[in-house]
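To start, the structure under review is shown below, and the notes come after it.
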Number of protein chains: 2
Amino acid sequence: MAHLRNPPRVVGDAPSGPPRMSDVARLAGVSKMTVSRVLAGHSVALATRERVQQAIDELGYVADAAAGALSSGRSEFVAVLVPSLASSNFSDTVRGLSARLEPHGLQLLLGDTDYDLAREERLVRSMLRYQPRCIALTGSQHTDGTRRLLERSRIPVVEMWDMPARPIDMAVGFSNVRAAREMVRYLKDRGYRKIGFLGGASDLDRRGLERLKGYQQEIRAQGLGEPRVIRLGQSPITMSHGAPALDALLAQWPDTDAVMCVSDMSAFGAIMQCHRRGIRVPHDMAVAGFGNFELAACCQPPITTVSVDAYGIGSRTGELLLAATMAADLPLKPEHRKVAIDHAVVARESA
Amino acid sequence: MAHLRNPPRVVGDAPSGPPRMSDVARLAGVSKMTVSRVLAGHSVALATRERVQQAIDELGYVADAAAGALSSGRSEFVAVLVPSLASSNFSDTVRGLSARLEPHGLQLLLGDTDYDLAREERLVRSMLRYQPRCIALTGSQHTDGTRRLLERSRIPVVEMWDMPARPIDMAVGFSNVRAAREMVRYLKDRGYRKIGFLGGASDLDRRGLERLKGYQQEIRAQGLGEPRVIRLGQSPITMSHGAPALDALLAQWPDTDAVMCVSDMSAFGAIMQCHRRGIRVPHDMAVAGFGNFELAACCQPPITTVSVDAYGIGSRTGELLLAATMAADLPLKPEHRKVAIDHAVVARESA
DNA sequence: TTGAAAGCGCTACCAA
DNA sequence: TTGGTAGCGCTTTCAA
């Protein structure tokens with residue numbers, strides 16, 4: 001009788017904690033195993049099943065998932081890391097992921113890296129403690145520590161929102177460089193020649209940097225002179241970024257006739273600042289965004305932008321993860337490890 | 001030797017799965033308990049601690065949280081349900097919660113109810129399986145099933161974003177009715193007399209309904225004639241709601257001189273529609289929002305709105321939950337079970 | 001179709 | 001300061 005953590009229950013005592021599987025079993029007059037089978041949907045005689053279900057309902061029994069995971073050796077967690085939950089972009093991706101994974105009873109473990117790679121590593125380490133079946137990260141830049149943790153964990157990994165040459169494991173995204181180049185070409189086709197770029201000052205927003213790189217490459221390729229780049233403000237780029245960035249651009253290059261922004265947020269801020277300064281959009285100044293947020297469609301003038309299927313990134317990631325966790329033995333062919341997501345310039349009135 | 005789930009490891013075999021605490025113990029030449037103590041930060045001789053730490057690093061050992069939770073009888077999960085992760089309002093609340101809870105090693109289990117009470121119940125049931133230490137819900141309306149589940153679970157519960165007369169357990173929020181009434185008074189003080197209201201058509205957005213109720217009460221109390229209410233569109237109310245709602249309002253009551261919107265999103269949509277129709281804001285039509293999103297400050301004209309401390313709701317909720325989980329034995333006094341969050345009309349240019 | 005026993009990986013408890 | 005043992009609540013495995 002030594003070493004008992006909880007005092008033995010005296011017969012007739014009210015059960016102390018929440019009901020356990022053995023309580024259900026006793027009430028239904030069956031063994032624990034039968035209860036377990038009913039819960040798992042395995043074959044059990046109809047009459048037995050009904051008695052067990054009744055006992056479950058009567059006691060309000062909820063099975064302990066931690067115990068189940070420990071015993072069966074597989075958890076139902078999927079770890080997901082995004083730079084920011086507030087961004088509609090990433091929250092759409094999360095919605096796409098849930099939509100795919102929830103029907104399989106998988107539980108998302110969500111984390112918000114705040115565009116901070118060290119924080120990402122801390123979160124990965126902390127989430128790995130729950131033995132997730134797989135993990136989805138944003139971007140393809142990670143600390144060495146993060147990579148090491150992931151490699152050692154040997155679980156399927158998807159990197160989202162980018163298209164790295166050599167992903168850790170799998171990737172679902174698109175080339176931000178190419179998308180930005182397409183926007184420059186679009187602006188050039190519309191007749192703009194003095195095109196500026198408004199981006200963030202932080203090197204942590206890799207996707208923003210890629211867009212900047214694409215802008216610079218295409219400006220050079222098209223012979224549109226020296227790039228006109230303003231880098232201002234921290235990630236994530238917010239609406240309030242647009243106004244001061246536009247002012248800085250016009251202060252340095254007053255003859256600019258179009259501006260391409262790292263996101264719809266800053267494009268919106270820039271357009272509102274144009275309203276304030278009496279600059280007509282697009283007549284005096286064209287403004288283009290990136291992301292095709294709802295904001296871009298509702299703004300006056302509606303914002304020309306690059307639409308990206310954020311929800312699709314989530315749901316395709318979910319599919320890859322499902323395939324990888326369900327059939328872990330069948331390694332995917334390399335060409336199936338990278339999923340390219342569509343993107344396109346959406347022409348509206350602002351540019 | 002029967003009933004062994006995994007075949008016994010032959011001496012010299014490479015360990016099959018990830019390293020376990022016993023692997024670390026063996027490598028460091030100590031018992032599992034000592035490893036456990038090092039991880040928990042309990043007192044261990046410095047030299048021993050260092051050897052153990054070295055073994056942990058060498059193996060890349062990550063402790064299994066499910067096993068720990070099962071053994072110790074307490075998990076590190078906190079369940080959190082919000083209507084929508086995409087809304088900056090609720091994602092701010094989540095940030096406030098994380099900021100308070102993460103330092104204590106607590107892991108958020110986030111769920112998105114999509115403004116659907118049945119879905120809320122499903123999520124609560126599913127999260128309860130992980131034996132969370134406590135749970136935070138949004139709003140004070142829940143299904144009977146949800147209430148029953150929560151009562152039976154006997155864990156601390158906080159209802160956020162509302163101020164119910166009788167909370168399930170604890171509440172952190174404010175009265176949406178009172179806040180809306182203050183906005184009507186503000187508009188009246190500014191000289192507006194024909195004030196309309198733009199809200200959603202769904203009865204699921206309780207906070208939106210409360211704001212409508214506050215509007216109606218105060219319009220009557222101030223003798224401002226019959227309420228002018230347009231209810232259009234599903235929850236959550238988005239930017240695209242504003243334009244058609246404004247059109248409907250003006251079609252029915254062309255002489256309206258001010259409009260109060262259920263959220264900054266629809267206020268923004270309404271203002272953009274005013275731009276399109278050549279209606280000057282606030283000269284021809286005042287527009288007020290609710291929530292004080294970044295959008296409201298960046299819009300041209302900047303939007304007069306009700307600011308609510310969304311982040312504060314999260315961090316105060318975190319404090320309550322910490323107090324309740326850490327000192328579960330000390331029941332809070334009833335007057336400490338309800339935390340009122342400040343809100344205030346922010347006067348800007350739009351009204 | 002059902003049951004009994006063992007054990008998943010960890011921590012509480014007591015002993016040394 | 002450290003170690004041994006029992007057991008958390010469940011599922012796997014095999015037997016009936």
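This is a predicted model, so every value here is computed, not measured. Residue numbering restarts at 1 for every chain, and letters A, B, ... go by the order of the sequence lines.
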Taking only Lys NZ, Arg NE, NH1 and NH2, and the carboxylate oxygens of Asp or Glu, determine whether A:Arg337 and A:Asp169 approach each other closer than 4.0 Å. yes
Could you tell me whether the side chains of A:Glu159 and A:Ser140 share a donor-acceptor contact shorter than 3.5 Å? no
What's the closest nucleotide to the B:Lys32 side chain, out of C:dT11, D:dT2, C:dT2? C:dT11
Give me the ring orientation class for B:Phe77 and A:Phe77: parallel if the planes are under 30° apart, tilted from 30 to 60°, perpendicular past 60°. tilted
Looking only at non-hydrogen atoms, find the nearest pair between A:Tyr130 and B:Glu76 and report the distance. OH-OE1, 3.3 Å
So, B:Thr146 versus B:Thr143: side-chain donor-acceptor pair below 3.5 Å or not? yes
Phosphate-side-chain proximity, B:Arg74 and C:dC10, N/O vs OP1/OP2 below 4.0 Å: no
Whole-Å distance separating the CD atom of A:Gln131 from the P atom of C:dG9: 9 Å
Any A:Ser36 side-chain N or O less than 4.0 Å from OP1/OP2 of D:dC10: no
Just compare C:dC14, D:dG9, C:dG3 and give me whichever is closest to any side-chain atom of A:Ala67. D:dG9
Atom-to-atom span, CZ of B:Arg49 to P of D:dT1 - whole angstrom: 10 Å
Choosing from D:dG3, C:dG9, C:dG3, which nucleotide comes nearest the side chain of B:Ser31? D:dG3
Verify whether one side chain among B:Glu120 and B:His142 offers a donor that lies under 3.5 Å from an acceptor in the other. yes
Mind checking A:Gly68 for me? I need base, sugar-phosphate or nothing, with any heavy atom below 4.0 Å counting as a touch. sugar-phosphate
If the threshold is 4.0 Å, N to carboxylate O, is there a salt bridge linking B:Glu151 and B:Arg148? no
Expressed in angstrom and rounded to an integer, what is the separation of A:Met33 atom CE from D:dC14 atom C1'? 11 Å
Please determine if a side-chain N or O atom of B:Thr48 lies less than 4.0 Å away from the OP1 or OP2 oxygen of D:dT2. yes
Closest to side chain of A:Arg20, choosing from C:dC13, C:dG3, D:dC10: D:dC10
Do A:Arg20 and A:Asp23 sit within salt-bridge range, that is, some charged N less than 4.0 Å from a carboxylate O? no
Between D:dG7 atom P and B:Leu70 atom CG, what is the distance in whole Å? 14 Å
Report the distance from atom CZ of B:Arg37 to atom C1' of C:dC10, rounded to the nearest whole Å. 13 Å
Given C:dG3, D:dG9, D:dT1, which nucleotide is nearest the side-chain atoms of A:Ser71? D:dG9
Identify, between A:Val30 and B:Val35, the residue whose nearest nucleotide on DNA chain C lies closer to the 5' end. A:Val30
Which parts of residues 50-66 of chain B get close to DNA chain C, meaning a heavy atom less than 4.0 angstrom away? B:Tyr61, B:Ala63, B:Asp64
Bend angle of the helix from C:dT1-D:dA16 to C:dA16-D:dT1 from five-pair axes at both ends, rounded to 10°? 30°
Nearest-Å distance for atom pair CG/C1', residues B:Asp23 and C:dG9: 11 Å
For atom CD of A:Glu76 and atom P of D:dT11, their distance in whole Å: 10 Å
Atom CZ of A:Arg95 with >12 non-hydrogen neighbours under 6.0 angstrom: yes
Report, as yes or no, whether the 6.0 Å neighbourhood of atom CZ on B:Arg147 holds more than 12 heavy atoms from other residues, nucleotides or ligands. yes
Separation of atom CE in B:Met21 from atom C1' in D:dG3, rounded to whole Å: 14 Å
